[in-house]
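Working notes, beginning with the structure itself.
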There are 2 protein chains.
Amino acid sequence: MPQLGLLPRRTWAALLSQLLRPPHSACIPAVGCHSQGQGSLQVAEAVLTSHLKPHQEKPNFIIKIPKGTRDLSPEQMVVREKILDMVVSCFKRHGAKGLDTPAFELKETLTEKYEENSGLIYDLKDQGGELLSLRYDLTVPFARYLAMNKLKKMKRYQVGKVWRRESPTIVQGRYREFCQCDFDIAGQFDPMIPDAECLKIICEILSGLQLGDFLIKVNDRRIVDGMFAVCGVPESKFRAICASMDKLDKMSWRDVRHEMVAKKGLSPEVADRIGEYAQCHGGISLIEQMFQDPRLSQNKQALEGLGDLKLLFEYLTLFGIAEKICFDLSLARGLDYYTGVIYEAVLLQTPTQIGEEPLNVGSVAAGGRYDELVAMFDPKGHKVPCVGLSIGVERIFSIVEQRMKTSFKKVRTTETQVFVATPQKNFLRERLKLIAELWNAGIKAEMLYKNDPKLLTQLHYCENTGIPLVVIIGEQEQKEGVIKLRSVASRKEVAIKRENLVAEIQKRLSES
Amino acid sequence: MPQLGLLPRRTWAALLSQLLRPPHSACIPAVGCHSQGQGSLQVAEAVLTSHLKPHQEKPNFIIKIPKGTRDLSPEQMVVREKILDMVVSCFKRHGAKGLDTPAFELKETLTEKYEENSGLIYDLKDQGGELLSLRYDLTVPFARYLAMNKLKKMKRYQVGKVWRRESPTIVQGRYREFCQCDFDIAGQFDPMIPDAECLKIICEILSGLQLGDFLIKVNDRRIVDGMFAVCGVPESKFRAICASMDKLDKMSWRDVRHEMVAKKGLSPEVADRIGEYAQCHGGISLIEQMFQDPRLSQNKQALEGLGDLKLLFEYLTLFGIAEKICFDLSLARGLDYYTGVIYEAVLLQTPTQIGEEPLNVGSVAAGGRYDELVAMFDPKGHKVPCVGLSIGVERIFSIVEQRMKTSFKKVRTTETQVFVATPQKNFLRERLKLIAELWNAGIKAEMLYKNDPKLLTQLHYCENTGIPLVVIIGEQEQKEGVIKLRSVASRKEVAIKRENLVAEIQKRLSES
């Protein structure tokens, strides 16, 4: 459970600019190209020798963490906290309220919400009582919350882990436990106003994180379905073909076409017709073009979708973000519950040569409109239209982490401001009294947990962990009623009256 | 996964003083006396009529969340964020690094760590592959992390959910999913220095949260075991009898004695001897008294424990918190992994009449020393001594929530600073342009998602949600190149040049 940053904005800005400056020919990692740090999968899979009995020989014992999960080391936590802080700040800037839901739901709450992906849901063992499953996303629990509390409108954000039993061999390096940051607007409003805000939020977050150039692909489920209909896909196959088309960002059209024909039983001609549309992407002019398309313009659903997209682009222009948005007929989104506008943000790799096509390095945010989901939980089927987005923070963490490694900049994992040291033996009691005084004044302070540590060890500790100030107490100081205050960076020491110490430290810290 | 507060310290202090002011004859809730708000168990168990098929009749459908879990409404999230913020601030003040571990571990990682409580572990369904269990606490994952990464020392904090299948009928109202805030110090250090810091941290947090008077009971596992030995408990029954004694804060001695004799097969005489010791509690003088105890002083283990406790009390005196600590021979702590000092903090209910005994209203923090746990994960059995604490934030949330209800003070669930309004029709586009400008300047802003909302509706929204400023744009303003800026509290309006709007708002916000 990540905590948000307690550092002032200034500090975070400095950290970000330090971390995010892309090195020359920056290599943004593809899916799963995570750095392997402390507690990583690599370490996890190391085979040790033992078995879990205390005080016994432990032959053939393997200590590891579950497949597809990872620990976050303190270094990783610093980055994660800062990124989550930025994301949540943006959600709050747009007036969202916080919400938290349990990690697991009744199994039936999740049933029939994810169609083809329902096999990826983690079920809990039947230990008597209810049948439970770990949540697969934050959207279904939100819809369940709205229905259960009979809420007709709500703008909420939620940050939390979700779990999916992705097969690591099939989807290279994807995590089975990962963090999602969701923002959703529920309620009956005028068309496309909340939808436009969702796209604005994605732009603000991706710009703010300085991840490089990005693009948000936009489509509409009604256009997808309309396209399927006019291409001749049987209605019973809409969702299955939709799921295949969703793989277009990971697979070539050839492979997707093969799946549609060989696995999903689509006729080759129908698949080819879909293929023609799926190649279309562009701006507002493509919307106008599709309005004129001889086949698509015959489909009522598709026309509704096109009308909404046109209005959406008008609002996006007013928001000043239209150039970041691309109408893309190949965008399908795998989840079953979308009913209207859908979108997906991808980072564009900086082209190595002018004229080269920008390379898609993977989705970092996505979402869409789901107007029917809440009604599935409502006994009377009352609708609460919703639109929302999810930030793929794991991918963003990986990118920032990678840049950190490349920059070789050391990140502080503690915030300690003052270290309490002594050059002499038998000064533990004085140190304990002194450090308690600092803690009571709200000063972040540490000392070594040794009776008689060496002064050099103490000073090295400060240098290694980046503590800026040292307070030194010894016989001489005690006699004179003073304390030495040392700056670790300049190595300058000054004597300060014992009773002025806290005030002097607070003055120094407020200046830095 | 809770997020920490983004409000400046000042705001939080104001909120706390508003929330925590105890009403006359404040009723601090007992275990599980949670207020039943939105998304609560009460709502959850409401029987609705339907079944989970979209667009169908839904007869006999029950919508609820799993037993022992709850949603946190925006109001609850505000309180939770502020409390977690304070707790984490304290952990950071003491130099702790952050860590995150997966929600589930390999089943064998948790096996044999919880003795009598292992039946409360949630297992995941065997869906092929590894056997997994949800974590039961944050301590065992921390020990596993240390061993897996071969770390010999670390001071870390972790905030996260843990899961325990407590039977709600047996342990009234206890949650099955709850949040823990842990701080631990791992490493080979001189005796009792890190242990004393853990107690200091508990004192800082409980004082800082202004929960009223509290007391930290302290004991040592070696004293508990020594006491069992000299009372005549067979060594094979130590842990079982320990688990029984741990229930003394929820059950009377009579019931605990009955369990020891009838269920655990202890002879009545042995139980009575334990009963004599279990009544002893006091300060440093009780330690001296136990050093002289004719039976206990014959036990090597007990003497070691007493020696450490004596040193601990010396350090606690230097920290200025000795009067908050009570040596209590009945304290046992249920978890199996403790090896040395153990402690548990309880809130003391304000006595209604002078002379009345302060009433124990339940444990809000606990911890102890566990020197053998890491070795259980290390193939060569290398020890990494550890000591730590866990803050029982759920109990604290309940208390603060209860006070909020009693005080009837409204808590803002959003942080919106400015609302963009119009008195006229056809001003959606102007509002969209304006609000984007505010967002881009980092100002927290909202508007209604309607083409033509009524001005009164817009102003009511501000009053209901506590938004302090309104920006009003209409025909007249547009003509004059100005914007009206209205203070919701004073209802005063001033006209401001369109181009100066952002600067003027930022000036106003920095003043407030």
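Below, chain A is the first sequence line, B the second, and so on; all start at residue 1.
Side chain of B/K113 to backbone of B/T111: a donor-acceptor contact under 3.5 angstrom is found. Judged purely by atom type and a 3.5 angstrom limit, A/E81 has no side-chain atom pairing as donor or acceptor with the backbone of A/V78. Using modelled atom types, no side-chain atom of B/N149 and backbone atom of B/L151 make a donor-acceptor pair closer than 3.5 Å. Panel note: side chain B/K155, backbone B/H94; a donor-acceptor pair is recorded below 3.5 Å. The backbone N or O of B/T465 sits less than 3.5 Å from a side-chain atom of B/R412, completing a donor-acceptor pair. With hydrogens and angles disregarded, no donor-acceptor distance shorter than 3.5 Å links the side chain of A/D71 to the backbone of A/S73.
Options A/K200, A/E105, A/R156, A/R165 differ in how many heavy-atom pairs under 4.5 Å they form with chain B, and the most are formed by A/R165. Ranking B/N440, B/D126, B/L448 against chain A, the residue ahead of the rest is B/N440, based on heavy-atom pairs under 4.5 Å. The most heavy-atom pairs under 4.5 Å with chain A, out of B/L318, B/T414, B/T416, come from B/L318. Per-residue counts of heavy-atom pairs under 4.5 Å with chain A were compared for B/K433, B/M447, B/K125; the largest is that of B/K125. Among A/P102, A/A436, A/A196, A/S207, the residue making the largest number of heavy-atom pairs under 4.5 Å with chain B is A/P102. Comparing A/Q127, A/R429, A/E446 by heavy-atom pairs within less than 4.5 Å of chain B, the highest count is held by A/Q127. Counting heavy-atom pairs under 4.5 Å between each of A/C90, A/P141, A/P191, A/G95 and chain B puts A/G95 at the top.
Only the backbone of B/I443 comes within less than 4.5 Å of a heavy atom of chain A; no side-chain atom from C-beta onward does. In this structure, chain B has a heavy atom under 4.5 Å from the backbone of A/Q188, while its side chain stays farther away. For chain B, the nearby parts of A/A103 are the backbone and the side chain; heavy atoms of each come within less than 4.5 Å. Neither the backbone nor the side chain of B/L434 comes within less than 4.5 Å of any heavy atom of chain A. Both the backbone and the side chain of A/L106 come within less than 4.5 Å of a heavy atom in chain B. Interface remark: B/M192 contributes no atoms to any contact with chain A (heavy atom separation under 4.5 Å). Proximity to chain A is absent for every atom of B/E430, based on heavy atoms less than 4.5 angstrom apart. Heavy atoms closer than 4.5 Å to chain B are found nowhere in A/I321, neither backbone nor side chain. Using a 4.5 Å cut-off between heavy atoms, A/E204 touches chain B through its side chain atoms alone. Contact of B/L432 with chain A is made through backbone and side chain together, with heavy-atom distances under 4.5 Å. With a threshold of 4.5 angstrom between heavy atoms, A/M154 approaches chain B through side-chain atoms but not through N, CA, C or O. With a 4.5 angstrom heavy-atom cutoff, A/E437 does not touch chain B via any of its atoms. There is no contact between A/Q417 and chain B, counting heavy-atom distances below 4.5 Å. A/L373 does not touch chain B: none of its heavy atoms, backbone or side chain, sits under 4.5 Å away. No part of A/L131 comes within reach of chain B, as not one of its non-hydrogen atoms sits under 4.5 angstrom from that chain. Of the two parts of A/L134, only the side chain, counted from C-beta on, holds a non-hydrogen atom closer than 4.5 Å to a non-hydrogen atom of chain B.
Heavy atoms of other residues, nucleotides or ligands lying less than 6.0 angstrom from NZ of A/K97 number 12 at most.
For the residue pair A/D123/A/S133, the side-chain donor-acceptor check at 3.5 Å is satisfied. A donor-acceptor pair shorter than 3.5 Å cannot be found between the side chains of B/E197 and B/Y315.
To the nearest 0.5 angstrom, A/C179 atom SG is 5.0 Å from A/L84 atom CG. Put simply, CD on A/E177 and CG on B/D100 are 7.0 Å apart, with the number rounded to the nearest 0.5 Å. To the nearest 0.5 angstrom, B/M376 atom CE is 11.0 Å from A/I63 atom CD1.
Contact annotation: the side chain of A/K450 never approaches that of A/L428 to less than 4.5 Å [non-hydrogen atoms, C-beta and beyond].
Ring geometry, A/W163 versus B/F104: the interplanar angle falls from 30° to 60°, so the pair is classed tilted.
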